[in-house]
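We count residues from 1, following the sequence as given.
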Amino acid sequence: MDIEAFYDADARRRPSAELELGTEWRDGQGVRYELNYVEDTGELYVIQEPPPHEWEDPFGGIHVNPATEADEKKMTVRVVANIQTVGQLHQVLDGWQEVMNEPNSAAWLADRLKAGGVAVGPG
């Protein structure tokens, strides 16, 4: 879904405080992600740049992208974890600032979310 549909889907999202946790996460195919946390819903979400035609994301989804020219410029939003508090968020993602700019840093992120028991599966 796009960012407007994401905010429209839950009235708590727009007025909530949000934490930005980096804009340069990358997966093994070089796809870039922005990472954000919505305090009122406990949602950790990524905004993902358009992927290549076929790829596997670090959160377990397999994708075939029959992209049109309009789709090739479209950023998508996906909730990747539910984390109850900002304290828990910082605990689960401890060290993210040092890892984010490394190659395939999104795999580190996915592993941390799974290990923390907060990851939301493909959907």
Side-chain angles (χ1 to χ4, degrees):
M1 81 178 74
D2 68 24
I3 192 69
E4 290 302 317
F6 172 74
Y7 283 118
D8 289 345
D10 188 326
R12 298 173 297 167
R13 291 175 177 152
R14 279 194 200 277
S16 178
E18 285 197 32
L19 298 175
E20 181 187 282
L21 298 153
T23 61
E24 294 300 323
W25 296 92
R26 296 204 182 263
D27 65 22
Q29 287 73 40
V31 175
R32 188 179 65 82
Y33 300 79
E34 298 176 15
L35 183 64
N36 299 282
Y37 176 73
V38 181
E39 287 188 30
D40 288 354
T41 63
E43 295 167 310
L44 185 68
Y45 71 92
V46 292
I47 302 174
Q48 173 189 322
E49 72 179 12
H53 179 68
E54 296 178 349
W55 62 291
E56 178 180 358
D57 72 37
F59 305 100
I62 304 291
H63 306 274
V64 175
N65 183 15
T68 66
E69 189 172 323
D71 290 335
E72 290 174 2
K73 298 177 182 169
K74 192 178 201 180
M75 302 286 278
T76 57
V77 175
R78 180 170 165 194
V79 174
V80 295
N82 289 312
I83 301 176
Q84 297 303 310
T85 66
V86 172
Q88 183 185 14
L89 172 73
H90 290 302
Q91 181 180 16
V92 169
L93 296 182
D94 185 43
W96 71 267
Q97 298 93 334
E98 292 81 32
V99 175
M100 179 185 60
N101 288 314
E102 294 180 8
N104 201 14
S105 58
W108 177 91
L109 174 61
D111 289 345
R112 290 299 292 253
L113 298 175
K114 291 173 192 168
V118 296
V120 174

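With respect to T41, the side-chain contact (heavy atoms from CB on, under 4.5 Å) criterion is satisfied by exactly one of N82, D10, V79: D10. Remark: of the listed residues R13, E18, E34, R78, E18 is the sole one forming a side chain to side chain donor-acceptor pair (under 3.5 Å) with Y45. Each of N36, L19, V80 was scored for a side-chain contact (heavy atoms from CB on, under 4.5 Å) with L44, with one residue passing: V80.
Interatomic distance, CG of N104 versus CG of D27, reported as 6.5 Å (0.5 Å rounding). The line from CH2 of W25 to CH2 of W108 is 5.0 Å long, rounded to the nearest 0.5 Å. One distance of note links CD of E24 with CG of N101; it measures 6.5 Å at 0.5 Å rounding. Atoms CE and OH, from M75 and Y33 in turn, are 10.5 Å apart once rounded to the nearest 0.5 Å. Here the straight-line distance linking atom CE of M100 with atom CG of L21 works out to 9.5 Å at 0.5 Å rounding. Residue L113 holds its CG atom at 6.0 Å from CD1 of I83, rounded to the nearest 0.5 Å.
At a threshold of 4.5 Å between non-hydrogen side-chain atoms, the residues L109 and F59 count as touching.
Contacts of E39 classified as salt bridge (Lys or Arg N to Asp or Glu O under 4.0 Å), with partners at least two apart in sequence or in another chain: none. Scored by the ring pair (Phe, Tyr, Trp, His ring centres under 6.0 Å) test, Y7 finds no partners at all (sequence neighbours excluded).
V31 and Q48 make their closest contact through CG1-CG, 3.8 Å (heavy atoms, listed as atom of the first residue, atom of the second, distance). In terms of heavy-atom proximity, D8 sits nearest to R14 at OD1-NH2, 2.8 Å.
Residue E98 places its CD atom among more than 12 non-hydrogen atoms of other residues, nucleotides or ligands, all under 6.0 Å distant.
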Does the pair R112 and V118 meet the rule for a side chain to side chain contact (heavy atoms under 4.5 Å, CB included), with working shown?
CA-CA 9 Å; R112 290 299 292 253; V118 296; over 6 Å; no

